[in-house]
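Right, one structure below, let's go through it.
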Amino acid sequence: MVVRQGLRSLLSAEADIEVVGEAENGLDAVAQTCKLRPDVITMDLRMPRMDGFEATKEIMIQAPTPDHHRDQQHRRCQCRIVDAHVAGR
């Protein structure tokens, strides 16, 4: 919760960013996303009830958002970063 409050404070300090919601767990993150339809989501990987990976998968099923900014190479690079984080590297 402390990290979430800090992130909210940091983002809210920016004039062009509006924080529209917060979630305490992965299931809430999915529900909030479907309800609020934000432009950007920051997601913790470790959350109760549903982890960040599963929540992200479910969000992309229930409330898909096209991603026009990433090409295939960037997707591969991002997957490596996530894999490294999960593996503890």
For [X] and [Y], work out which heavy atoms get closest and say how close.
X: Val20; Y: Pro38; answer: CG2-CB, 4.2 Å
X: Gln32; Y: Ala23; answer: CG-CB, 4.5 Å
X: Thr33; Y: Ala63; answer: CG2-CB, 4.3 Å
X: Asp28; Y: Asn25; answer: N-OD1, 2.8 Å
X: Cys34; Y: Gln62; answer: SG-OE1, 3.3 Å
X: Asp51; Y: Leu45; answer: CB-O, 3.3 Å

Establish whether Ile41 and Val30 are linked, either directly or via other cluster members, by ILVMFWY side-chain heavy-atom contacts under 4.5 Å.
yes

ILVMFWY cluster, Ile17 and Leu7 together (side-chain gap under 4.5 Å)
yes

Could you state the interatomic distance from CZ (Arg37) to CD1 (Ile59), rounded to the nearest 0.5 Å?
10.5 Å

Rounded to the nearest 0.5 angstrom, the CD-CG distance for Glu18 and Asp39 is 10.0 Å

Taking the side chain from Asp44 and the backbone from Met47, do they hold a donor-acceptor pair closer than 3.5 Å?
no

Under the rule for side chain to side chain contact (heavy atoms under 4.5 Å, CB included), what residues qualify as partners of Thr56, not counting sequence neighbours?
Met43

In this structure, are over 12 heavy atoms from other groups packed under 6.0 Å from Arg49 atom CZ?
no

